[in-house]
Amino acid sequence: MLILLSLRIPSDAIVTLVSEWADQWLQGTHGHEELEKRLEGMVEEVVWGNVIWFGVGGLQSRGNDRSFNADFFVVHIVTSSIFLLTLVLPSERPYPLVPLASRLTLLKAYLATSAAWYISRGNWALPVKEFYAAGSLPLQQRRPRPQLRAVRSFVAFAMRWGGRPADYYAGGGDDGLEGREVLDGTLFSRVASLTLDQLGWAHESGKNLGEWNHDGVVWSNDDEVTNMFFHRTNATCTRVDLSSESEPVD
């Protein structure tokens, strides 16, 4: 919560939003099997949200001197989210699954932490349609730098959700994320390609390898918390205005 305090955002604001999000997901569930199914959808939503924060936000905040803002800090909410697939969801592993209540608590805490990092790095706008219109080179046509954990994460996510068609997240009413109807499973390869366009591809002579961006916080034009809450795969993403309660640090 130190990040939230440094941003002068009420310490319980994000936690409250995350709790409301979880309550919506779990409302009306009956039985352990249904709860596990809902939890799987919640993990999917968190992973997609983190990738959108890094990828769409990174393109939006690139500035004039680079093709993509490969933010060193925000990428860690992408690479760390891969552990949700084994720590929160049932999987083939040699140790017992922890209780459902503990896994739900972990997921909520993780989402709150991810949101805090995203806000702390600039809370960029998320123009999804512009992101898709920008295009990207298919990942399989070039060789990525093998040491990039981010690429391995994108590949894992693409293997799991890369078949999602456009309009899969198109529901959610008027309060959803603008442009969500174009979201599809190519999101992961698009973000991976943009990341490597900035950092460099393997075995491309004449090109210097780039570095992760460590720029200071660049705030968007409004002081809002962006909530990537798709709610039952319907993308009810909203931007909640907290400007009356908080302001960025000078």
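Using a 4.5 Å heavy-atom threshold, the side chains of R103 and L39 count as touching.
Aromatic pair F157/W48: centroids not less than 6.0 angstrom apart. Between F54 and F73, the distance separating the two ring centers is not shorter than 6.0 angstrom. For an aromatic pair to be called close, the ring centres must be under 6.0 Å apart, and W161 with Y168 fails this.
In the hydrophobic cluster analysis, where Ile, Leu, Val, Met, Phe, Trp and Tyr join through side-chain heavy atoms closer than 4.5 angstrom, V75 is grouped together with F83. A single hydrophobic cluster is not seen to contain both L35 and L97; linkage of ILVMFWY side chains at heavy-atom distances under 4.5 Å, directly or through other members, places them apart.
Atoms CG and OG, from N50 and S81 in turn, are 5.5 Å apart once rounded to the nearest 0.5 Å. One distance of note links OG1 of T86 with CG of L89; it measures 8.5 Å at 0.5 Å rounding.
A donor-acceptor contact closer than 3.5 angstrom is absent between the side chains of N213 and D71. A side-chain N or O of W21 and one of E45 form a donor-acceptor pair less than 3.5 Å apart. In the model, Y169 has no side-chain atom that pairs as donor or acceptor with a side-chain atom of D184 under 3.5 Å.
With respect to E181 and K129, a salt bridge is recorded, a charged nitrogen being found less than 4.0 Å from a carboxylate O. At a threshold of 4.0 Å, the pair E34-R38 counts as salt-bridged, since one of the basic side-chain nitrogens sits closer than that to a carboxylate oxygen.
Here the closest non-hydrogen pair linking F188 and V51 is CE2-CG2, 3.9 Å.
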